[in-house]
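Chain A is the first sequence line, chain B the second, and so forth, proteins listed ahead of strands; every chain is numbered from 1.
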Amino acid sequence: MFQNLTDSLTKALSVFSGKKELTEENVAEGLKAVRKSLLEADVHFRVAKDFVKRVQEKAVGQQIIQSIDPGQQFVKLFHDELTELMGPEGAILPHADSGPTVLMMAGLQGSGKTTTCSKLALYYRQKKKKKPLLVAADLQRPAAVDQLEALGKQLGIDVYKEDVKSDPVTVCKNGIAHARRLGHDFVILDTAGRLHVDDKLMKELERIVEACKPTAVALVADSMLGQDAVNSAKEFHARLPLTGVILTKLDGDTRGGAAMSIKAITGVPVLFVGVGEKPDDLEAFHPDRMAGRILGMGDIVGLVEKAQEQIDEKEAARQTKKILKGSFTFDDFLKTYNMIKKMGPLKKVMGMLPGMGAALKDVDLDDKQFGRVEAMILAMTPYERQRPQVIDVQRRRRIARGSGNDLQAVHNLIKQFKQMQKMMGKMGKGGGMPPELMGAPKKGFRQGKGARPMGGPFGGGKGKSPGGGFPGAFSLRKPEMMWLERTPDQAGPDLGVVSLHAPCAGLMKHLPAMESVLDW
Amino acid sequence: MVFRRIVKGLKKTRDKLASGLASILGSGRQLDEDLLDELEETLYTSDLGITGTEIVEEAKRAWKKKEIQDVADLKVWLHKALLERLSGCTGQVCRASEGPTVLLVAGVNGSGKTTSIAKLAHWLKRDGNKVILCASDTFRAAAVEQLTHWADKIGVDIVKQGTGADPAAVAFDAVDAAVARKADYLIVDTAGRLHTQKNLMRELEKIVTVIRKRIPDAPHETLLVLDATTGQNAIRQAAEFSEVAPVSGLILSKLDGTAKGGALFGIRRELDLPIYFVGLGEGIEDLEAFDAEGFVDGVLGDALEAEEATG
């Protein structure tokens, strides 16, 4: 349903194609689709209304920039406005000038406070070299203290707790005193979940603020919240000096319109987002990426950043070269895969590519299943890995036995690998990827210098390149979404890292093959 | 009949909800385009999503055809239209013809599964049933402790292993225990999982498979717990969970805040799932059978007036 909306938005924006100018009429039509998209993303009604009005005012009469069609220009305008609304970029938690920084958490029940507390503690220890202390002041929910304690133990972070019959205010005060004594410089107060209309419990939070004077107060909000997000956030904001919002459970398929609404209504910025169940699945918030998400455009910048963190550029360039020469071996295949693996679960990585979220929805990209392929490759001798053509039936039998697979599986793998090799060879000889697979920079994107004519998955030449389609290839992006890569001064990926995409390119190419491999 | 506690909840917040439906419909205003637009907005803010637009479009047509003449008519019409969309959506937890009835409870993280289970266990025990709880949420830290706390408080047995144990194995043991101890109901708690996590969703499938090894027609009910504050994503949750587990009914939790749980209408549009219970607080008594009329009253803000009228 949600993905269809991206489609419907794209369709509605096609009214712009071939137009010279954004007029009141074509803008109005596009905006209708945008408004629907916003509402389906749970953006608050009022916020959506005001927002659409503002975009309309800005859009009408704008000259079409040459080389960008009106649809793209409109999406860009929309994206920029959305980014601004959710900004500022890089809002951070303030730190105490003297003594420990005290961060108080608050939120509705089940929003993810306790989990977020432990993620934050880890984040500040790892990235900011702090010595955190968790204070278990949720004395309401059964075993909440145990939960925080267990998490602290797991991560090696100290937890301060008292008897559940104590007063949360006292626990917080004592916790901070405890932190001072033991030299903790970052204290996180985990409070009980409560309804914003529960006056008694809201007063309790006010008392904690009064007694502890926290450096910052964070509202933890579930990104799946509906229209009521605004009501609760408003009430929390009215009663507590909120510093920022932490948005949780963003790893689902919610479009996260609540984020936009909370910021728009309360003016409180989003600081962090929770993106998974693992302790390090906490990221700083980037309004531009969130805008992309609300629009269903993927998180290309995040992907590039991840790639930069994890991928060895030289190795990547070397592999691209090999891919293009058609001399890609099983060793390269493994290396590529392992590089990608470092970036996170396959599906998550792929999902960051625009349009891939939808394409991947029904594809089972399970890392574990891929492990079977890995096992087969590892069961080959180095010689076989370098020269797949020597793997005859006898060798295949051995590989099957050695990897715990049946012979047919090995047959399939080798067949597919050969097909892949052939295809890549063809592409290397100037075919290029089909445009819809590649995205298509006209300018601003550095073309690879000889050695990598493809320039990564998002490089490549636009136009009706021959080279044939890719069997079962995904349509990676919609033409309307391409502006991101078009203009170098925009939020698109840094030009220098294009080559870092090479392993991704490699992965992309394996995808059709992998899909059938996993289909066994 | 209206939900007693919804009324209580709404009373708490009535000042803040002055902009709600009650104020539009009870203001003595003229019925015009503006009012209908405001109606659409208010339905949207109750998370009705596309259903809200549909209803207002229908209302506009009925108004043009003079079927609705004034605000009083609109109110009656609206009540009917909303109720129609919920028709046949109430239901009761079934009882297996023999042996323990197995209830599997699932939902996304933080939707309120464990608390709902405690309330449900209390509800069933109050009716004279022997209830056993199964702590198959072995993932979240201290989830087992949380359920144990409730089991002690309600006075029912619990089958558990430690955190990190195989949830399907715990469920298998629990089914055995339920049979041996001649329990009437076994309620299986599972870890919260986002419906997009394919491997965790498969784990849920596995729990179902394992339970069936012991009792072939179990789980007799698979209950999905939905947070009433969730927006349009609730529809996806219901659809995705239904795909991996035989979801047979819903529990709508956290309806005691200002959220109206309007996403329910969207779910009804896509799936034919009955709603068994609503959760209205943190105490074990805070569970009520779903009542469509009461729910619609809640959305329309009538509950408030009814309460005031009776004192």
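For the options A150(A), A258(A), A229(A), G252(A), heavy-atom pairs under 4.5 Å to chain B are most numerous at G252(A). For chain A, the option among E145(B), E282(B), Q237(B) with the highest count of heavy-atom pairs below 4.5 Å is E282(B). Comparing K49(A), H44(A), Q109(A) by how many heavy-atom pairs each has under 4.5 Å with chain B, the most go to Q109(A). Considering only heavy-atom pairs separated by less than 4.5 Å from chain B, the leading option among D146(A), L148(A), D222(A) is D146(A). Comparing R141(A), M224(A), K234(A) by heavy-atom pairs within less than 4.5 Å of chain B, the highest count is held by M224(A). Annotation: maximal heavy-atom pairing with chain A below 4.5 Å, among E40(B), H149(B), E41(B), Q146(B), occurs at E41(B).
Between the side chains of D228(A) and T258(B), at least one donor N or O lies within less than 3.5 Å of an accepting N or O.
Between atom CG of residue N109(B) and atom CG of residue D251(A) there is a gap of 7.5 Å, rounded to the nearest 0.5 Å. How far CG of D256(B) is from CG of D198(A): 8.5 Å, rounded to the nearest 0.5 Å. Summarising the geometry, atom OG1 belonging to T229(B) is positioned 6.0 Å from atom CG belonging to L108(A); distances are rounded to the nearest 0.5 Å. Atom CG of L48(B) is separated from atom CG of L39(A) by 12.5 Å, given to the nearest 0.5 angstrom. Here the CG atom belonging to L194(B) is positioned 6.5 Å from the CD atom belonging to E277(A), to the nearest 0.5 angstrom.
Residue contact with chain A, scored on non-hydrogen atoms closer than 4.5 Å, is absent for L43(B). For Q140(A), the part lying under 4.5 angstrom from a heavy atom of chain B is the side chain only. V144(B) does not touch chain A: none of its heavy atoms, backbone or side chain, sits under 4.5 Å away.
Looking at every heavy atom in both residues, E40(A) comes nearest to I50(B) through OE2-CB, 3.9 Å.
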